[in-house]
2 protein chains.
Amino acid sequence: MQQILAQRAVVGKSDHALPAMPKRLDEVDILAQIAKVADIIPGQCFIREGDPAAHYVLVTAGSVRVFKALPDGRRAITGFAGPGDFLGLAALDCYATTAEAINAVQIVRYKRLDMAPVLAAFPALATLLLVAAASELVAAQAHMMLLGRMNAREKLAAFLMGRVVARNRDVALPLARIDLADYLGLTVETISRAFGALKRDGMIVIHNAASITICDYLALKALASGADPRLARH
Amino acid sequence: MQQILAQRAVVGKSDHALPAMPKRLDEVDILAQIAKVADIIPGQCFIREGDPAAHYVLVTAGSVRVFKALPDGRRAITGFAGPGDFLGLAALDCYATTAEAINAVQIVRYKRLDMAPVLAAFPALATLLLVAAASELVAAQAHMMLLGRMNAREKLAAFLMGRVVARNRDVALPLARIDLADYLGLTVETISRAFGALKRDGMIVIHNAASITICDYLALKALASGADPRLARH
DNA sequence: CGGAATATTGATTATCATCAATGACGGTGG
DNA sequence: CCACCGTCATTGATGATAATCAATATTCCG
C-alpha cells in the first residue's frame, strides 16, 4: 500500500511541469496533485516541532530520527522511521516532534488540507493511515513501559531484541550512541556500561560499536521482557 | 462528533431486539448495528492486553486507567480516559494495553471487523478516528519525553500543569498515589517527596492527598516545561 | 470507633548521571 | 602509505537522584 502512494507521488512529480488543467480527477490524479517529492541531506531537519502541520510525509528512502527537545537541550528520541513509514501523523495543529535525516533521505509530502476529498474518494487510504497511527501508538506505549519501568540493562536488551531480523543473531546498530541514549532515556556512558554488562554475562558479543551478536537469545529475551528486575542486576 | 456516535450506540441498543432484517443501511443503521453499550463496575477491566482486538470502545461515562504490565508485576500507566475518549485504537491484532474502570464507567463497543463499510459510508468517521489517534500519539510522545528525560519534580509539575482547567488554580487529583506513580514512572514515596518539595518551594499548597492549589504558577510552569533541570533541584 | 488501606516521613542502598581521562576509529593531507 | 587530528566510544571515580525497606500518620468505611 505504501508503494502505491509512493508511486503516485512520483507520477505527481513528473506531471509537475504539465499544464494545471485537470480533465477529471480520479484517485491517482488527486494523490499526484497533492504529492511532492523531496531529497533530504544527512542531518537536515524536514519536520520541526511546533511548526504548523501542513503535510503528511511518507519516507521512501533513508533513515530518520524523530524527537522532542526541551528548552535546555535535553532530547528524547520518540522513534526512528524508514522507507514506508509515515511522519506527521502525530500532529493536530502543529507537529509534535522534529524529524531529522540520519543519512540521505527521500520523502513524499502530501498536503493535509487536501486530504479530506482523497479520504472520501479512496477509503482504503483512511484505513492505511489509521493502521499506521495504530502501529505508532502500540510502539509508543511499549516504549513508555520501557522508559518508565525498566532499568538500563533491560532497556538495552529490549532494544536489541527489537532489532533482530528473522532468526539472525547478528544485530546491526546503524546509529550513534547518543541517539541510542536519547531513545532509551539514558546517557552514552550508561549505554556503554550496559553493553559491557550484557557482554560480561555472556549474552552478547561486541564486534564493534555498530555490530554485535546475540549469544544467549533466551536470557536476553527474558531480560528484555522484564521477567524479573533482579535478573538484570550486576 | 463523539456525541453522535454515542447516540447511535444507544439507538443500536434499543434496536437490539428488533428483527435482523435491514431494509436499507444508512450510516445510522450501520453504526447502530455494530454498537453495544455496557456498564463497567469500578475496578473491572474491560480491555485486556494481548486479547484479540475485536472492538473499538468509546467511553461515555466515568474514568479509565490504561496500562501495560510486565510479568513481574511492574506497571506503566500509559494514560487515562474519560467521556468522549476512544480506546482500542492502539491495537493491531491484539490490544496493546489493559483498560480498567477507576469508578463506575459506561462504554460503547463497536465491532472492528464491521468498521470498513462504515468508514466508507461515513468518511467523517475516518477523520474522527484519525484525529483521536493523532491526539493520543501527541500525548504519548510528550509523555515519552517526561518519562525519559525529566526528574521527579519536573514530572509532577508537568502532571499538575496538565490538570489545570481554565485559569483555576485549584487542582483536583482524583487518583491514588500508586496510579500517579505508575503514570510518572516513579514510586509512591518519591511522589510524596516531590509534592513535599514543591510545597517547601512555595509552588503549591497541599490541602489533602486529592487536592492542591497552585501558588507560583509561573515557577511551576517553568519547572514543568523543563527550562533547566537545576531549577528542579532540592 | 476500629481496622484496613493509603499516604507520608525517615534511613539506607542501588542505579544512573556527571565529570574526567583514555582509547578506538575514520578521514585527510603530507 | 602512514601520521595526525577530530569525533566518537569506553572506562574510571565520584556524586545525585530515586528506589527500597521500615515505621508512622492519615483517611476511608463499615
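Computed from a predicted structure; not experimentally measured. Reminder, nothing fancy here: chain letters follow the sequence lines and each chain counts from 1.
For the pair B:A104 and B:P42, the tightest heavy-atom approach, listed with the atom from each and the gap, is N-CG, 3.7 Å. When every heavy atom of B:A227 is checked against every heavy atom of A:D72, the shortest pair comes out as O-CB, 3.1 Å. When every heavy atom of B:V205 is checked against every heavy atom of B:C215, the shortest pair comes out as CG2-SG, 3.3 Å.
Applying a 4.0 Å cut-off to non-hydrogen atoms, none of the residues of residues 62-71 of chain B approaches DNA chain D. Contacts between residues 73-82 of chain B and DNA chain D, counted as heavy-atom distances below 4.0 Å, involve no residue at all.
Applying the side-chain contact (heavy atoms from CB on, under 4.5 Å) rule to A:T187 yields the partners A:E189, A:T190; only residues at least two apart in sequence or on another chain are considered. Looking at residues two or more places apart in sequence or on another chain, you find a side chain to side chain donor-acceptor pair (under 3.5 Å) between B:D170 and B:T213. Taking the side-chain contact (heavy atoms from CB on, under 4.5 Å) definition, one finds that A:A139 meets it with nothing, sequence neighbours left out. Under the rule for a side-chain contact (heavy atoms from CB on, under 4.5 Å), the partners of B:A142 that lie at least two apart in sequence or sit in another chain are A:K68. Applying the side-chain contact (heavy atoms from CB on, under 4.5 Å) criterion to B:S211, with sequence neighbours excluded, gives B:H207, B:N208.
The distance between atom NE2 of B:H207 and atom P of C:dA7, rounded to the nearest whole Å, is 17 Å. The CG-P distance, from A:L186 to D:dT17, rounds to 17 Å in whole Å. C:dT8 atom P lies 12 Å from atom CG of B:L198, rounded to whole Å. When the C1' atom of C:dT8 is taken as reference, atom CG of B:L156 falls 14 Å away, rounded to whole Å. Distance, A:N151 CG to D:dA18 P: 16 Å, rounded to whole Å. For the pair B:L184 CG and D:dA19 P, the interatomic distance rounds to 11 Å; values are reported in whole Å. Look at CD on A:E154: it is 14 Å from C1' on C:dC16, rounded to the nearest Å.
A salt bridge (charged side-chain N to carboxylate O under 4.0 Å, His left out) check over residues 158-168 of chain B, counting only residues at least two apart or in different chains, returns nothing.
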query = Could you write nucleotides 4-13 of chain D as a row of B, S and -, 5' to 3', where a protein heavy atom under 4.0 Å of any base atom gives B, of only sugar-phosphate atoms gives S, and otherwise -?
reply = -----SBBBB

Distance-only donor-acceptor pairs under 3.5 Å for side chains of residues 46-54 of chain A, two or more places apart:
residue, atom, partner, partner atom, Å
A:E49, OE1, A:A69, N, 3.3

Please list, one pair per line, the donor and acceptor atoms closer than 3.5 Å that link side chains of residues 171-185 of chain A to other protein atoms, with sequence neighbours excluded.
residue, atom, partner, partner atom, Å
A:R177, NH1, A:A209, O, 2.9
A:R177, NH2, A:A209, O, 3.0
A:D179, OD1, A:R75, NH2, 2.7
A:D179, OD2, A:R65, NH1, 2.7
A:D182, OD1, B:R149, NH2, 2.8
A:D182, OD2, A:R75, NE, 2.6
A:D182, OD2, A:R75, NH2, 2.9

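Figure legend: A:R112 and A:Y56 shown as a cation-pi pair, the cationic atom lying under 6.0 angstrom from the six-membered ring centre and within 45 degrees of its axis.
Axis orientation changes by 40° from one end of the helix from C:dC1-D:dG30 to C:dG30-D:dC1 to the other, with each end axis drawn from 5 pairs and the value rounded to 10°.
Contact between the side-chain N/O atoms of B:T187 and the OP1/OP2 oxygens of D:dA18 is not found at any separation under 4.0 Å.
Side chains of B:V37 and B:Q106 form a contact here, defined as non-hydrogen atoms less than 4.5 Å apart.
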